[in-house]
Amino acid sequence: MRLPEHAARAIAQLEAAGFETWAVGGCVRDSLRGTEPHDWDLCTAARPAQMQTVFAGERVLETGLRHGTLTLLTDGGPLEITTFRADGGYSDGRHPDGVRFVGRIEDDLARRDFTVGAMAWHPERGLCDPFGGRDDLQNGILRAVGDPDTRFQEDALRILRAVRFASKLGFTVEPETAAAMRRQVARLDCIAAERVREELTGMLCGRFVQRALMEFADVIGYVLPELTPMFGCNQQNPHHRYDVWEHSVRATGQVPAEPVLRWSMLLHDCGKPACKTVDEKGIGHFYGHPAVSRELAEGILTRLRFSNEDSARILLLVEQHDRPFGDTDKLLRRRLSRIGEARFRDLLAIKKGDVVGQGTHPGDIAWLYDMEQRLNRVLAEDACLSLRQLAVDGNDMGALGLSGPAVGEMLQALLDAVIDEQTDNTREALLACARARMEERHDE
Ligand code: ATP
Ligand code: MG
């Protein structure tokens, strides 16, 4: 294990002042697994005021100081340094009642949730591992520190953190820990929606998301009850090999690990169970499901306080996931003009995930790659796809005598005409087209 320069320096500064200091938590876990930690956290015997003295004159943030955390702003990035502490009780099931500073690193490690995150490391003293974290890491096991029921009662967010770690690390949750997660799941009721959202998003973006979603479907279903009808919902359809849940899980694992895409894929078919009908041949159908999925998804996204921007992106993808692109360049340009290149590419990713998740139509994937080629070609042609690229503007419409909303409507109609190749995108042609349309109106 090697410490980056900025962490080594901070440890040396604190120890020179007489305070025992260690690297701790996720950075130790990740270094031991051979992956680069995304940040380094330190813990120290120094009390907050003593840290302030040691780092006097350096750039620090003091926002977490009450809980014992000082953030040192270094050239190597921010470094969180926290006084050894044990949490008091958790009477509300989410916040420790008080912070109690302690003298020993072992007591600090005991408040942490999982053994693989409850190790500390020091360049000379080596590893401090009182709970067998290194063995669990070696064996790919996620195990609660201490009595699992108590730990999930103290802070139910840990239940979702466990699912997130299972998804990120591909670890097996130790059976007693997993059983306690299930016994305590109702305590998730008192966790703030934003924190639930963040853990679920992290979980969805994990490499092992499929396994985690299948294994902990019941836990996910507790926080997203709208999804439970998907479990075991047989599609009875030759286009589908899996039930609605497994199909959605497989599709989720197929799209790039980007929150909007992963959420869209998880939710895209959640309206299917409510729309299911079976015809006289015994084939299942799900007419109108994208609209129902959208409605359910909207409820979930609102409850979890998604930003308006993310919510709009997800809902567009859920709603349009099943809509055909059409075979012609004209139809492609039309859709492109409506939703823009970025959303179009999102939609291609969603459709690929959907097709792979169905597990029956490898040929459709080739078709989607083909669509991507066509998209690239249309974009390279620099075709007119937006009002901005139109050879006339609002002033021209004003000069023709239009005003108010009629201006925007006419410009949109002209854009559609250009996209449909009914007119060239030149000033003369567009003005002529606009005049013809105005005359038509008068004739009506
Ligand atoms: P990541 O790679 O996701 O950052 P991490 O293990 O560093 O993983 P953090 O959420 O950054 O996780 O927390 C840092 C450390 O603090 C954890 O390793 C764990 O020891 C402890 N910790 C964080 N949240 C909790 C919690 N809710 N309950 C108990 N310990 C926690
Ligand atoms: Mg971390």
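Whatever order the structure lists them in is the order used to number ligands and atoms, beginning at 1. These numbers were taken from a predicted model, which means no experiment stands behind them.
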### Query
Would you call the rings of H247 and H268 parallel, tilted or perpendicular if under 30° counts as parallel and over 60° as perpendicular?
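Rings of H247 and H268: perpendicular, over 60°.
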### Query
Aromatic rings F286 and H289: how do their planes relate, parallel, tilted or perpendicular, breaks at 30° and 60°?
perpendicular
### Task
Hey, could you give me the CG/CZ distance between L157 and R187, rounded to the nearest 0.5 Å?
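So the CG of L157 and the CZ of R187 are separated by 14.5 Å.
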### Task
Apply salt bridge (Lys or Arg N to Asp or Glu O under 4.0 Å) to D30 and K168, showing your working.
CA-CA 11 Å; D30 289 343; K168 284 245 185 266; over 6 Å; no
### Query
Does the salt bridge (Lys or Arg N to Asp or Glu O under 4.0 Å) test come out yes or no for R111 and D107, once each step is laid out?
CA-CA 7 Å; R111 77 174 160 92; D107 296 325; over 6 Å; no
### Message
As a test of reading the model: which residues have a non-hydrogen atom less than 4.0 Å away from ligand 1?
### Response
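Contacts of ligand 1 under 4.0 Å: G25, G26, R29, H38, R111, R112, D113, G117, D155, R158, R161, R164, F165.
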### Task
Kindly indicate whether the side chain of D269, heavy atoms from C-beta on, has any atom under 4.5 Å from the side chain of W245.
no
